[in-house]
Amino acid sequence: MQYDFRSIETKWQAAWAQGETFRAPNPGEPTFDPSKPKCYVLDMFPYPSGIGLHVGHPLGYIATDILARYKRMRGFNVLHPMGYDAFGLPAEQFAVEHGVHPRVTTEKNIENMTRQLKRLGLSYDWSRCLSTTDVGYYKWTQWIFLQLFKSWFDPIQKKARPIDELVKALIAEDFYVTLDGDITPASLSDENMKAIGGLPGGLKSWAGMPVDEQRTVIENQRLAYLAEVPVNWCPALGTVLANEEVTNEGKSDRGNHPVFKRPLKQWMLRITAYADRLGDDLNRVDWPEPIKLMQRNWIGRSEGALVDFRVEGYDDVIRVFTTRPDTLFGATYMVLAPEHALVDEITADAQRQAVDHYRAQAASKADADRTEAKVKTGVFTGAYAVNPANLAHIPIWIADYVLTGYGTGAIMAVPAHDQRDHDFAKTFKLPIVQVITAPDDFDVQQRAWEEDGLGVNSANDEVSLDGLAVDEAKQKITIWLESKNVGLAKVQYKLRDWLFSRQRYWGEPFPILHGPDGEIEAVDESELPVELPPMENFQPSASDDPDAQVQTPLSRAPDSWKVIERDGKRYTRELNTMPQWAGSCWYYLRFCDPSNEGRFVGAEAEKYWMVSMKRDSGMGTSNPHAGGVDMYVGGAEHAVLHLLYSRFWHKVLFDLGHVSTPEPFGRLFNQGYIQAYAYTDDRGVYVAADEVVEREGKVATITRTERNKAGDEKSATYQTTFYHGDTPVVQEYGKMGKSLKNAVAPDDMCEQYGADALRLYEMYLGPLDQSKPWRTTDIVGVYRFLQRVWRNFVDPETGTLRVTDEAADEGLRRYLHRTIKRVSDSMERMSFNTAIAALIELNNELVALKEVPREVAEPMVRLLSPMAPHIAEELWERLGRKESLTHAPWPPYDPALLVESTVDYPVQVNGKMRGKITVPADADDQAIEAAARADEKVAAQLEGKTIRKVIVVKGRMVNIIAN
RNA sequence: GCCGGUGUGGCGGAACUGGCAGACGCGCCGGAUUCAAAAUCCGGUUCCCCUUCAAAGGGAGUGUGGGUUCGAUUCCCUCCACCGGCACCA
């Protein structure tokens, strides 16, 4: 007989809600217990999508819930909140199509997803639930933006400081203004000044500068600033597109309209100022090494040199960045990005037409196309530069394999030692000069030698790199370049400043006002929030004209919202909105104190929940970390962007004294995806996966036309035994979701098997950090386990408890304690699949018993409770316990019961398993060896052989080497 | 092209620090129970060879090929496949 767990689940979910069982009181509240350590367990909060959850979503939520419940039983004050990252495109697009306000859609979706999450029995403190779209929340998102806007990065202290202090420092002449409008510390010498971006040649006095020039200097130092940035503009849709929304052909994904790259004035955040700290502080957090590596690669710190090449016949120099200044003598041509500022000026008349044509072509190409092009393209400008090392006369080309966004947008090409330059040189028959030694059989005319070697062909009258190793040569040439004033050592980053504005409605409005003379003013903090204006039409202004002005949705807001009178001047509000990242950058802070109206987070609450009380936060690791969230779980797709942006905001808040820790997330865990089979028909269209059946032996052949990445059409043939109705379909495998039509709803699983079975199955699938396939049929395994647990405890006929107060026998008691250890260890390692396996084994031991001894029953229910909380609570109550299991202590194990009196040793002969011996646990090596040699099978193997060596590994095995 | 990850029975996976490969579950096979089915319970299940059967035994085996080691799923190198990310990063 199958027990129906659903009524138990409803009962306990109601009881938990009623008793506010999972509410985490803040310091100062009457129920707060200061004697306990804290533990902050956080999920990456979801976007409230209209189709609701599929079983892939709760994977991480179930894991964190188990951890939160486990930590409560371990005596921690656990903060375990949930909320919604609810600004974003789908709600806006729905609004455009149906005229429904995004807030309406969003609230409906949030309600539905909350219902789905609650049904899983997740132990969130729902009183802390928030949405990034709550006015009371985005008020503080805007406030944080203002902190960035009102700050600058002090290159001496290497931290953010209030912008007023920059003005004071300039007046006091602690800093000077360089000719190009940057600032430089007075303590730096003229030479060093260049290193932070200033041009040689002099300084400006702050006092002598006109006011508007002063203003520009200040604007250029803010952590939030405006800049002209190229965007993918689609006039027909009236909107700016992300790279992923642009096809390889430079058309819009939706509607196939032409897309143009055009510059647009955008808000930028100066994340690059934090490049070093974002890299260095990775050493202070306990994160998976691959994720740290990805962030380090993204920041991309590289040491090299800037080198100036004089352009023949012009006053200009082309400045390049290179990581290999040691190969300077091998630079045989230069390449500028098509967008480089000097291209127009230096292009020879004869080349003008070709250059312009190429630039137009490059502008229309999506970045993806530039990256995937196999054949190098480019055009000669007609101009020449001088290699400062050997005074060689070298041609200047433009090519799209050089990008404006990185370095200086120009390179010196060393075809002998860089394969991309080599490819280009081969295509255009440019000279290849070897300057690093390669093996004798290696010909740099055939391929680039990119490995290390000694300098060769690298000398002029003043400096020689010949015979020097790479590092030495780099140093020597850089010193020489600096002495000639044509180059300097430079640290370069791949990281670029963060483009922070979006031309959308459904996002946080910027708390910024534009004055009549172009002045940019912050909205006063007392006037926050700047609420989104009510609007009815969300349709963007489409146009056929690529040069039409970009109209953001907010530009159609009523003047009563857009226009502000202040001190007799008319100001216009900023009409862009913030990106979806903004709200998710700091929600973990708001969770600490979600209803605080006077501050983004109360200082005491922030300090309590964010600062680690112990070096070992009790998360099963002894790695010291910089505080913050004790466990942050989410998908690896956020490995770089969200986590980097969030760390950046946190550091700014830290510098300004608003938070107490240098890092937001002390420990991070990335869960894998749940994948599932998907099926496509003969047109390549996905069909509903749950309607597909396999017919064994009935093989069908499908031939269809497919398009590969490059857009070429190809015919492909498949053999299959899968059918959708009578239509044969091809099986594929991929991430679960709407697009592949293979989503499985958690509601259906709860309905059929119950929330506890679903929770167990998701955890039992495999290691949390790996991707793994979902197969609904397999859920019966854990479902049977739960039924068996129930039957072991409750008589199915009478409904009475099958638990006895009599003592367990020695063997069962030992088994229990071994299980407690196994489950506890698994919990600490987040290895929930093995924890469940251990519980299944213990439960299987109980099947043959008439009654379960209470000394086994109670610890077992407690071990089970984080994973299957509803059934555990019910059994706990039936065991006569009045209080919820939530704060029942985690069972301890007795180490004495884990020690066996005898030990089994496998015995190998020449590394092959040949026998097994059992010896007393305290036997010494001689005794173990003697027992091994006495074993019948081992002796047979040793017959006629001479023993050369015997290896005894205490507690492990014996290996006898003989021949 | 670059970066990161993963490859273990029919399937999901286990083996935590280099020490008994395949825990646990699914599926499958056999049996018990049942009028029957469902449910439940018991047993078997890496592959190959030897043996009439069984017991027992032998050999191979953790993507491929090599290396280190008394001993490798685990460490190193080569290659292959799949998954994820990407900004040709100079």
Side-chain angles (χ1 to χ4, degrees), chain A residues 1-2 243 288-291 293-294 296-298 300 302 304 320-324 327 331 335 367-368 370-374 376 399-403 405-408 410-414 417-421 423-424 492-496 635-637 639-641 670 672-673 675 733-735 760-761 764-767 769-775 777-782 784-785 787-788 791 796 822 825-826 828-829 831 833-841 844 847-848 904-916 937 948-951 953 955-962:
Chain A
M1 192 171 48
Q2 299 277 298
N243 283 341
E289 281 306 321
I291 302 296
L293 192 58
M294 281 162 133
R296 286 201 182 95
N297 289 345
W298 192 267
S302 61
V320 303
F321 173 72
T322 175
T323 53
R324 293 294 303 274
T327 62
V335 185
D367 278 358
R370 279 169 73 152
T371 31
E372 274 165 30
K374 298 236 161 57
K376 293 275 181 287
D400 61 9
Y401 81 96
V402 172
L403 303 177
Y406 183 74
T408 61
I411 63 158
M412 65 176 209
V414 185
H417 305 291
D418 182 292
Q419 192 56 46
R420 284 158 314 163
D421 294 346
D423 293 345
F424 192 85
Q492 182 74 33
Y493 302 92
K494 284 191 222 170
L495 185 68
R496 299 201 287 249
E637 71 268 27
V640 178
L641 292 179
N670 286 114
Y673 297 117
Q675 299 182 299
Y733 183 64
K735 200 172 150 184
L760 281 179
Y761 179 57
Y764 197 55
L765 274 171
D769 56 356
Q770 275 174 33
S771 290
K772 49 234 156 178
W774 176 272
R775 292 208 315 197
T777 51
D778 288 3
I779 197 174
V780 294
V782 290
R784 275 178 210 158
F785 161 65
Q787 291 288 349
R788 206 174 307 178
R791 281 197 305 273
R822 283 175 69 191
D825 291 351
S826 294
E828 296 294 343
R829 283 166 29 227
S831 174
N833 53 333
T834 54
I836 295 168
L839 283 168
I840 292 174
E841 286 177 62
N844 288 345
V847 171
D904 290 344
Y905 280 86
V907 182
Q908 297 181 347
V909 177
N910 293 331
K912 286 212 156 106
M913 256 286 294
R914 295 298 178 183
K916 227 171 242 192
K937 287 175 196 157
R948 300 289 172 197
K949 198 174 176 184
V950 178
I951 295 146
V953 185
R956 289 285 186 189
M957 47 78 68
V958 180
N959 192 4
I960 300 171
I961 313 304

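Chain letters run A, B, ... following the sequence lines, proteins first, then strands; residues in each count from 1. Hydrogens, waters and symmetry mates are skipped; everything else that's a heavy atom, side chains included, is used. On a predicted model such as this, the values are computed, not experimentally measured, just so you know.
Comparing B:C70, B:G13, B:A90 by their closest approach to the side chain of A:Pro773 singles out B:G13. Here B:C20 is the nucleotide among B:G13, B:G4, B:C20 with the atom lying nearest to any side-chain atom of A:Met913. When distances are taken from the side chain of A:Gln675 to each of B:C83, B:C86, B:C89, the shortest belongs to B:C83.
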In B/S/- notation (B base, S sugar-phosphate only, - none; protein heavy atoms under 4.0 Å), nucleotides 22-34 of chain B written 5' to 3' is -BBSSS-------
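Mapping A:Ile961 and A:Val958 onto RNA chain B by nearest heavy atom places A:Val958 closer to the 5' end of the strand. Mapping A:Ser302 and A:Gly766 onto RNA chain B by nearest heavy atom places A:Gly766 at the nucleotide closer to the 5' end.
Here B:C20 presents its P atom at 16 Å from CZ of A:Arg914, a figure rounded to the nearest Å.
On a pure distance criterion of 3.5 Å, no polar donor-acceptor pair joins the side chain of A:Lys949 and the base of B:C70.
In this structure a side-chain-to-backbone donor-acceptor pair under 3.5 Å is missing from A:Asp769 to A:Gly672. Listed for the A:Tyr761 side chain is a donor-acceptor partner under 3.5 Å among the backbone atoms of A:Arg775.
B:G12 sits 32 Å from B:G66 when the C1' atoms are compared, rounded to a whole Å. Taking atom C1' on both nucleotides, B:U73 is separated from B:U8 by 7 Å, rounded to a whole Å.
Syn is the conformation of B:G9, whose glycosidic angle sits no further than 90° from 0.
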Could you write out each protein N or O paired with an N or O of nucleotides 6-9 of chain B at a distance under 3.5 Å?
none

